2 protein chains.
Amino acid sequence: MEEIKTFENICNLLRNHSYKVTPQRQTILQTFLEHVDRHLSAEEVYMLVKHQNPEIGLATVYRSLDILAEIGVLLKNDFGDGRSRYEFSRKDEHHHHHHLICLRCGDVSEFDDDWLESLETVITKRNHFKIVDHDLKFYGYCHKCEETL
Amino acid sequence: MEEIKTFENICNLLRNHSYKVTPQRQTILQTFLEHVDRHLSAEEVYMLVKHQNPEIGLATVYRSLDILAEIGVLLKNDFGDGRSRYEFSRKDEHHHHHHLICLRCGDVSEFDDDWLESLETVITKRNHFKIVDHDLKFYGYCHKCEETL
DNA sequence: TCCATATTTGCTATTATATGTCAAATGCTG
DNA sequence: CAGCATTTGACATATAATAGCAAATATGGA
């Protein structure tokens with residue numbers, strides 16, 4: 001039974017994992033709550049939080065993102081652009097969604113689906129491989145870029 | 001109409017793209033032909049080729065792998081371990097295969113399937129996204145590691 | 001066969017993302 | 001509110017990959 005991810009609940013989640021709720025972590029968290037739809041890199045988060053707190057260090061951002069991913073608040077993604085990108089993990093998905101990555105503007109949209117599960121059963125039997133996670137990405141051109149090509 | 005990828009045919013392919021057939025490129029190519037089943041990183045290729053030609057430089061390996069990928073001889077993969085891994089691209093696949101990555105020993109096995117194509121049609125219509133490529137990875141434990149866990 | 005030249009090589013320096021170190025600062029429990 | 005383990009920020013370091021450049025070389029044409 002997971003709680004809805006409000007600011008307060010996530011702070012408690014931090015405390016429950018014996019992590020301290022520092023102003024830096026709060027700022028970073030708030031930044032993500034203001035950009036639930038984005039897939040931010042550490043560097044991008046760093047830029048955003050510096051507006052609210054110019055004293056914050058890059059290493060702190062990296063460490064905070066690590067922790068938030070560890071306790072299940074964020075998901076760490078690799079879209080092949082050489083840096084990790086984090087997104088808010090919504091509680092209402094039993095299996096995570098997949099991504100549509102635009103090769104032109106870099107925009108990432110999302111795509112939900114469940115049929116991979118049935119496939120996993122087949123693979124497990126056929127290849128003697130115990131699957132614990134999967135990652136599906138589609139590369140192409142988003143509506144906007146396709147129009148102006 | 002693509003030729004079968006023998007050593008000689010790939011050398012000609014290089015020449016057709018106005019790339020020179022240097023001893024370094026030959027050594028690297030030979031190394032891949034001797035390890036068709038592996039998914040080698042640039043660093044691993046570097047180590048292997050140094051046995052045959054200790055004079056070879058790391059930058060040359062990177063450049064050669066780039067070229068071989070560009071002309072379709074190799075496929076560049078990202079398995080999330082922080083380095084690119086290259087594999088021989090076999091001509092007999094219209095769509096590329098997918099990978100089963102062992103989280104314990106790092107072994108990569110392969111898995112062929114076609115059903116993603118029909119899904120692409122659905123996504124294209126539903127999300128207004130023109131798909132040109134996809135990438136599916138399964139993470140888990142291979143037969144060997146699962147036994148000794 | 002040899003020449004001319006554009007390509008390629010190897011070395012080194014550099015970029016970029018991310019992590020490690022450590023003294024100083026600080027959230028939290030009692 | 002006091003003590004202390006955790007956390008922070010600055011800097012150094014690690015690692016993958018690329019850039020720059022002089023010297024070496026593969027190749028098409030004489």
Side-chain angles (χ1 to χ4, degrees), chain A residues 7-8 10-31 39-71 74 76-86 106, chain B residues 7-8 10-31 39-71 74 76-86 106:
Chain A
F7 182 81
E8 260 317 314
I10 296 170
C11 288
N12 287 329
L13 201 59
L14 277 169
R15 279 184 271 258
N16 291 346
H17 286 77
S18 35
Y19 287 122
K20 295 180 177 172
V21 178
T22 66
Q24 292 89 340
R25 287 174 185 169
Q26 291 182 30
T27 307
I28 291 167
L29 196 46
Q30 204 181 326
T31 299
H39 298 79
L40 300 166
S41 68
E43 204 71 42
E44 287 171 347
V45 173
Y46 180 56
M47 292 308 174
L48 288 168
V49 297
K50 267 191 111 62
H51 289 146
Q52 291 197 247
N53 178 1
E55 300 302 310
I56 207 163
L58 179 59
T60 301
V61 173
Y62 273 102
R63 284 182 293 230
S64 300
L65 296 179
D66 256 1
I67 289 173
L68 291 170
E70 185 208 320
I71 65 177
L74 298 180
K76 190 175 186 174
N77 288 298
D78 176 7
F79 296 139
D81 61 347
R83 71 213 67 188
S84 292
R85 295 188 167 275
Y86 297 80
Chain B
F7 183 81
E8 260 317 314
I10 295 171
C11 290
N12 287 329
L13 200 58
L14 278 169
R15 278 185 271 259
N16 292 346
H17 286 76
S18 34
Y19 287 121
K20 294 182 178 173
V21 179
T22 65
Q24 290 90 338
R25 288 174 183 169
Q26 290 182 29
T27 307
I28 291 168
L29 195 48
Q30 202 182 329
T31 298
H39 299 79
L40 300 167
S41 68
E43 205 69 44
E44 287 171 347
V45 173
Y46 180 56
M47 293 306 175
L48 287 168
V49 297
K50 269 190 108 63
H51 288 145
Q52 290 197 250
N53 178 2
E55 301 302 310
I56 207 162
L58 179 58
T60 300
V61 172
Y62 273 102
R63 286 183 292 230
S64 300
L65 295 179
D66 256 2
I67 289 172
L68 290 171
E70 185 208 321
I71 66 176
L74 298 180
K76 191 175 185 173
N77 289 297
D78 176 6
F79 296 138
D81 61 347
R83 72 214 65 189
S84 292
R85 295 189 166 274
Y86 297 81

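None of the values given here were measured: they were computed from a predicted structure. Below, chains carry the letters A, B, ... as their sequence lines are ordered, and counting in each starts from 1.
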OP1 or OP2 of [N] versus the side-chain N and O atoms of [X]: is any pair under 4.0 Å?
X: Gln24(A); N: dG9(D); value: yes
X: Thr22(B); N: dT9(C); value: yes
X: Ser84(A); N: dA18(C); value: yes

Any donor-acceptor N/O pair under 3.5 Å between dG27(C) base and Arg15(A) side chain: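 Not at all, since no donor on one side and acceptor on the other fall under 3.5 Å apart.
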Mark yes or no for a side-chain to base donor-acceptor pair under 3.5 Å between Arg63(A) and dG9(D), with no hydrogen or angle criteria applied.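 Present.
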Tell me: [atom1] of [X] to [atom2] of [N], nearest whole Å?
X: Ile56(A); N: dG9(D); atom1: CD1; atom2: P; value: 6 Å
X: Gln26(A); N: dT26(C); atom1: CD; atom2: P; value: 14 Å
X: Leu58(B); N: dA13(C); atom1: CG; atom2: P; value: 15 Å
X: Leu65(A); N: dT19(C); atom1: CG; atom2: C1'; value: 14 Å

For the side chain of Ala59(B), starting at C-beta, report the closest nucleotide among dT19(C), dC11(C), dT9(C). dC11(C)
Look at the side chain of Glu43(B) and decide which nucleotide, out of dT27(D), dT8(D), dA16(D), has an atom nearest to it.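 My answer, after comparing the listed nucleotides, is dA16(D).
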Between the two end axes of the helix from dT1(C)-dA30(D) to dG30(C)-dC1(D), each built from 5 base pairs, what angle do you get to the nearest 10°? 40°
Distance (rounded to the nearest 0.5 Å) between Tyr46(B) OH and Thr60(B) OG1: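 One finds 9.0 Å between OH of Tyr46(B) and OG1 of Thr60(B).
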5′-ward residue of the pair Tyr19(B)/Asp81(B) relative to DNA chain D: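 It is Asp81(B), whose closest nucleotide lies nearer the 5' terminus.
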I want to know whether His39(B) and Phe79(B) have ring centres closer than 6.0 Å. yes
Check: Glu44(A)/Tyr86(A) side-chain N/O donor and acceptor closer than 3.5 Å: no
